[in-house]
Asker: 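The structure that follows is given in the form of structure tokens.
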Amino acid sequence: MARPLIQMALDSLDFDQTVALADKVAPYVDIFEIGTPCIKYNGINLVKELRNRYPDKLLLVDLKTMDAGEYEAGAFYAAGADICTVLGVSGLATIGGVIKAAKKHAAEVQVDLINVPNKAECARESAKLGAQIMGVHTGLDAQAAGQTPFGDLNEVTSLGLNVRVSVAGGIKPATIDQTVKAGANIIVVGAAIYGAPCPATAAREIRELVDAAAA
Ligand SMILES: O=C([C@H](O)CO)[C@H](O)[C@H](O)COP(=O)(O)O
């Protein structure tokens, strides 16, 4: 089984704490995600800082774009994002705009399926347009209401689309094995790392569990 990538969700609002956390977990993760609250608060300078600091890491900016796809995402790709996210609920015109912006920078697009009623249809249509990654996502508020992403993950991976599938929503050590076995290509981890007493140790444990599950 191909080894899934690990994406660290940087969800603090504090610029310096975000960079310090990235430094701690860098050896164990493949993608730095600048989370939505974090990018809204800190803006494009944080993209530039992480790009300069980590030229070889993948950098995802979780814009969750809802409108003006090409215009909004274009600036973040220009600043060094490898992947920007666009909401599936935004519709195909906006998704297509982000894809256009990504193409100009040889970058990629993730469609976030959060709150999309028909995830299979959205994933199929977005893939046809050229989106490379489908994001199965149970957001923080839905997690607080007891939801998990695993049912949606199985649905989306079973579509057999020519895309990578990312999964986010409270993934922790105890759920890594089922996540890998369900076919996730990108595993997003936020609170289970940044909320741990030692984030570097937690990230290393996640790395080991992902590698073991994929072996
Ligand atoms: O995308 C996220 C959330 O909607 C805030 O932007 C989180 O980064 C994502 O859910 C991963 O974090 P955890 O659920 O804490 O693992």
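Order of listing sets the numbers, starting from 1, for every ligand and every atom in it.
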Asker: What protein heavy atom sits nearest atom 15 (O) of ligand 1, and how far away is it?
Answerer: Ala191 N, 2.9 Å

Asker: Applying salt bridge (Lys or Arg N to Asp or Glu O under 4.0 Å), which residue pairs with at least one partner in residues 73-100 are found, sequence neighbours left out?
Answerer: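 Listed by first then second residue: Arg51-Asp82, Glu70-Lys100.
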
Asker: Spell out, as yes or no, whether a donor-acceptor pair under 3.5 Å connects the side chain of Thr36 to the backbone of Asp62.
Answerer: yes

Asker: With a cut-off of 4.0 Å, which atoms of ligand 1 are near a heavy atom of Glu33?
Answerer: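 The atoms of ligand 1 under 4.0 Å from a heavy atom of Glu33 are 1 (O), 8 (O).
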
Asker: State if Lys64 counts as touching ligand 1 under the rule of any non-hydrogen atom under 4.0 Å.
Answerer: yes

Asker: Going by atom types only, do Glu72 and Thr65 share a side-chain donor-acceptor pair under 3.5 Å?
Answerer: yes

Asker: Looking at ligand 1, does Ala192 have a heavy atom less than 4.0 Å from it?
Answerer: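 In this structure, Ala192 fails to qualify as a contact of ligand 1 - no heavy atom is under 4.0 Å.
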
Asker: As an exercise, identify every atom of ligand 1 less than 4.0 angstrom from a heavy atom of Gly170.
Answerer: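 The atoms of ligand 1 under 4.0 Å from a heavy atom of Gly170 are 13 (P), 14 (O), 16 (O).
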
Asker: What is the nearest protein non-hydrogen atom to atom 5 (C) of ligand 1, stated with its residue, atom name and distance?
Answerer: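 Nearest neighbour among protein heavy atoms for atom 5 (C) of ligand 1, to 0.1 Å: Leu140 CD1, 3.8 Å.
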
Asker: Show me which atoms of ligand 1 lie under 4.0 Å from any heavy atom of Ala9.
Answerer: 8 (O), 11 (C)

Asker: What distance separates Leu46 CG from Tyr41 OH, expressed to the nearest 0.5 Å?
Answerer: 12.5 Å

Asker: How about Lys57: does its NZ atom have over 12 heavy atoms from other parts shown lying under 6.0 Å from it?
Answerer: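 Yes - once you tally the heavy atoms of other residues, nucleotides and ligands closer than 6.0 Å, there are more than 12.
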
Asker: Using distance alone, decide if ligand 1 has a nitrogen or oxygen within less than 3.5 Å of any nitrogen or oxygen in Gly190.
Answerer: yes

Asker: Does the Ser158 side chain pair with the main chain of Glu155, one donor and one acceptor, at a distance under 3.5 Å?
Answerer: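 Yes.
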
Asker: Going by the order shown, which atoms of ligand 1 are within less than 4.0 Å of some heavy atom of Gly169?
Answerer: 14 (O)

Asker: Counting each atom of ligand 1 from 1 as listed, which ones have a heavy atom of Gln143 under 4.0 Å away?
Answerer: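 In order of numbering, the contacting atoms are 10 (O), 14 (O).
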
Asker: Which atoms of ligand 1 have any heavy atom of Thr36 under 4.0 Å away?
Answerer: 6 (O)

Asker: Please determine whether the number of non-hydrogen atoms from other residues, nucleotides or ligands lying under 6.0 Å from atom CG of Asn118 exceeds 12.
Answerer: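 Yes, enclosed.
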
Asker: Show which atoms of ligand 1 fall inside a sub-4.0 Å distance from at least one heavy-atom site of Asp62.
Answerer: 1 (O), 6 (O)

Asker: Answer yes or no: is there a donor N or O on one side and an acceptor on the other, between the side chain of Asn185 and the main chain of Val165, under 3.5 Å?
Answerer: yes

Asker: Return the residue, atom name and 0.1 Å-rounded distance of the protein heavy atom closest to atom 10 (O) of ligand 1.
Answerer: His137 NE2, 3.3 Å

Asker: Could you tell me whether Arg124 and Glu121 have a side-chain N and a carboxylate O separated by less than 4.0 Å?
Answerer: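 Between Glu121 and Arg124 there is no salt bridge, as every charged N stays at least 4.0 Å from the carboxylate O atoms.
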
Asker: How far is atom 7 (C) of ligand 1 from its nearest protein heavy atom, and which residue and atom name does that atom have?
Answerer: Asp11 OD2, 3.3 Å

